[in-house]
Amino acid sequence: MKTLIELFDSEHIYNYLAATVFRPQKVYFLGDYESLDVDVVSASKKYASLTGLGCQFSFVAANSNDYDEMRRKLRELIRREERIGNECTVDVTGGRDLALVAAGSMVPNGTQVIYYDREINAFRFLGTEKTQSVDIALTCEAFITIAGGAIYSGARNRGFDDAEWKIIRDLVKIYFENKEEWNKFVKYLQQVSKGENEKVSDNLDVDAPFSFKDGNGKTFTCNEKIMSALVRVGAIRNLIITPDRKWVGFTFDSGEMANLLVNEGVWLELAVYLAAKESDMFSDVQTSVKFVWDIPSGCESLAEIVADSTPRNEVDVMMARGVLPVFVSCKTRVPTNDDINEIYAIKKKFGGDLAAGILATTKYVPDDMPIRERAEDLGISIIDERDFRNGKIVQRLEKLTELK
């Protein structure tokens with residue numbers, strides 16, 4: 001395929017899917033005047049760079065509600081390319097109704113027309129039985145980019161070694177076994193694990209009272225059961241608790257482990273991340289994905305973007321599964337309507353109808369609870385503590401992210 005003509009669509013992935021699969025030399029984006037702005041041009045260049053596309057992109061504006069204009073522009077593009085020996089393929093996956101009819105009228109003239117059939121996850125070649133399966137492995141960043149956003153510092157693919165991952169998997173289990181007491185225990189660790197103007201990882205050796213009050217009269221107490229579990233899995237070493245339960249001493253296994261253990265909210269996020277990594281369905285998995293919504297025109301660097309008052313957000317876990325981006329928000333409480341609205345807005349903006357939005361919670365959310373109905377109405381799935389407790393979280397993630 002030398003030249004692809006793409007009917008520009010509001011579903012971002014549809015605009016780039018054919019180019020990603022067929023890798024043509026040229027791509028013409030044909031769309032409304034208002035849709036093909038400078039931000040779209042910028043996003044297409046960044047996407048091409050991320051995915052290694054060597055296409056030459058061109059942008060042609062036309063009124064998609066005017067059949068005659070759309071048909072005329074299509075014919076002009078096809079004739080222009082045919083004069084220099086390039087056969088054209090028109091992708092009608094996106095675009096409005098009249099634009100699709102105009103493109104369809106090219107078939108009797110011998111122009112190749114294709115469209116993406118999500119039911120079989122393949123492109124169909126109209127007028128023939130030929131299909132081309134879609135087997136792509138996009139990154140999370142690619143999905144954010146084609147929607148006009150940008151990931152900035154904070155997104156990470158956790159880079160622990162095998163020994164550290166073994167400890168972390170065990171810690172996730174300990175967290176769920178002790179989730180009712182966990183936050184109190186973490187607050188104790190936060191109090192005893194660093195001195196003034198220190199980071200937790202600055203000094204891995206801890207020597208502290210078993211129980212004490214702060215200046216506001218709030219009591220912090222060591223949880224001996226959890227401490228013993230941490231020793232068992234290798235997260236801390238050299239644990240000493242005096243017989244009178246007045247003093248505690250221990251050593252964090254590493255600075256990274258220390259930083260994890262004083263973080264209250266990281267374990268649910270890690271549980272989802274690990275489940276996605278254990279599956280072979282996801283081409284990319286990231287945690288703490290921070291991104292801006294729309295890049296202001298003229299901003300050339302991430303520093304400029306972040307410094308600007310650009311709308312931004314963070315999603316706890318993001319995954320990529322073929323043409324489908326997945327956004328997961330992690331909560332240690334029962335989800336609220338605001339939680340659902342937030343993840344729905346992210347899903348809609350950066351993935352459209354193809355994307356999956358998931359709320360993961362450590363709480364039990366009954367099937368007949370109104371919040372589930374509200375989530376279902378917006379296409380948001382809920383994973384609750386049952387899925388983590390029964391060990392089916394990997395299968396649950398795979399089921400919820402199937403292409404429908």
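Sequence positions, counted from 1, serve as the residue numbers for this chain. Worth knowing before you read on, the calculation uses all heavy atoms, side chains too, and leaves out hydrogens, waters and symmetry mates.
Judged purely by atom type and a 3.5 angstrom limit, Ser283 uses its side chain to pair as donor or acceptor with the backbone of Leu138. At least one donor-acceptor pair closer than 3.5 Å links the side chain of Asp284 to the backbone N or O of Cys140. Not one N or O on the side chain of Arg237 forms a donor-acceptor pair closer than 3.5 Å with the backbone of Gly234. The backbone N or O of Arg386 sits less than 3.5 Å from a side-chain atom of Asn390, completing a donor-acceptor pair. Judged by distance alone, with hydrogens and angles left aside, the side-chain atoms of His12 form no donor-acceptor pair with the main-chain N or O of Ile144 at under 3.5 Å. Remark: side-chain polar atoms of Ser44 are paired, donor with acceptor, to backbone N or O of Val41 under 3.5 angstrom.
The distance between the ring centers of Phe350 and Phe143 does not fall below 6.0 angstrom. Here Tyr115 and Phe123 keep their ring centres 6.0 angstrom or further from each other.
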Legend entry - Test ring pair (Phe, Tyr, Trp, His ring centres under 6.0 Å) applied to Trp247 and Phe212, step by step: CA-CA 10 Å; Trp247 214 257; Phe212 62 92; 9.4 Å; no
Inset, instruction - Begin from the C-alpha positions of Glu402 and Lys399 and carry the test salt bridge (Lys or Arg N to Asp or Glu O under 4.0 Å) through to its verdict. - result: CA-CA 6 Å; Glu402 289 176 344; Lys399 180 68 176 175; 3.7 Å; yes
Inset, instruction - For the pair Glu385 and Thr362, evaluate side chain to side chain donor-acceptor pair (under 3.5 Å) and give the outcome as yes or no after the intermediate values. - result: CA-CA 5 Å; Glu385 58 98 12; Thr362 57; over 6 Å; no
Inset, instruction - Test Ser288 against Glu269 for side chain to side chain donor-acceptor pair (under 3.5 Å), laying out the working first. - result: CA-CA 9 Å; Ser288 303; Glu269 179 182 305; 3.3 Å; yes
Inset, instruction - Apply side-chain contact (heavy atoms from CB on, under 4.5 Å) to the pair Glu87 and Thr111, showing each step before the final yes or no. - result: CA-CA 8 Å; Glu87 291 186 356; Thr111 301; over 6 Å; no
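Taking each heavy atom of Val394 and Ala275 in turn, the nearest pair found is CG2-O, 3.6 Å. When every heavy atom of Pro24 is checked against every heavy atom of Cys55, the shortest pair comes out as O-SG, 3.3 Å. Residue Ile340 comes nearest to Leu378 through the heavy atom pair CG2-CD1, 3.7 Å, listed as atom of the first residue, atom of the second, then distance.
The side chain to side chain contact (heavy atoms under 4.5 Å, CB included) search around Asp214 returns Asn216, Lys218, Phe220, not counting sequence neighbours. With sequence neighbours left out, Glu181 forms a salt bridge (Lys or Arg N to Asp or Glu O under 4.0 Å) with no residue at all.
Between atom NZ of residue Lys347 and atom CG of residue Leu354 there is a gap of 9.0 Å, rounded to the nearest 0.5 Å. In this structure, CD1 on Ile174 lies 10.5 Å from NZ on Lys225, to the nearest 0.5 angstrom. Atom OG1 of Thr3 sits about 6.5 Å away from atom CD1 of Ile84, to the nearest 0.5 Å.
A tilted orientation is assigned to the rings of Tyr16 and Tyr47, their planes being inclined by 30° to 60°. In this structure, Tyr188 and Phe185 have parallel ring planes: the angle between them is below the 30° cut-off, well short of the 60° mark.
Considering only heavy atoms from C-beta on, Ser42 comes within 4.5 Å of Lys46 through its side chain. Contact annotation: the side chain of Leu274 approaches that of Ile168 to within less than 4.5 Å [non-hydrogen atoms, C-beta and beyond].
Defined by atom type and a distance below 3.5 Å, a donor-acceptor pair is present between the side-chain atoms of Arg321 and Thr401. Side chains of Lys184 and Asn223: no donor on one and acceptor on the other come within 3.5 Å.
With Tyr28 as the partner, the side-chain hydrogen bond (donor to acceptor under 3.5 Å, both in side chains) test is satisfied by one option alone out of Lys73, Gln56, Glu81: Glu81. Looking at Asn121, Asp91, Thr93 one by one, the single match for side-chain hydrogen bond (donor to acceptor under 3.5 Å, both in side chains) with Tyr116 turns out to be Asn121.
Salt-bridge check for Arg169 with Glu278: passed, with a basic side-chain N closer than 4.0 Å to an acidic carboxylate O. Look at Asp384 and Arg372 and you find a salt bridge, because one of the NZ, NE, NH1 or NH2 atoms lies within 4.0 Å of a carboxylate O, short of that distance. Ionic pairing of Asp353 and Lys348 is present here: one or more N-O contacts between side-chain nitrogen and carboxylate oxygen are shorter than 4.0 angstrom. Taking the charged nitrogens against the carboxylate oxygens, Arg396 and Asp387 do have a contact shorter than 4.0 Å, which makes a salt bridge. By the 4.0 Å N-to-carboxylate-O rule, Arg72 lies too far from Asp66 to be salt-bridged with it. Taking the charged nitrogens against the carboxylate oxygens, Arg333 and Asp339 do have a contact shorter than 4.0 Å, which makes a salt bridge. The pair Lys166-Asp170 meets the salt-bridge criterion, since a charged nitrogen lies less than 4.0 angstrom from a carboxylate oxygen.
Residue-environment remark: NZ (Lys173) stays at or below the threshold of 12 foreign heavy atoms within 6.0 Å.
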Considering only distance and modelled atom types, tabulate donor-acceptor pairs under 3.5 Å from the side chains of residues 125-132, sequence neighbours left out.
from, atom 1, to, atom 2, distance (Å)
Thr128, OG1, Phe125, O, 2.9
Thr128, OG1, Lys130, N, 3.1

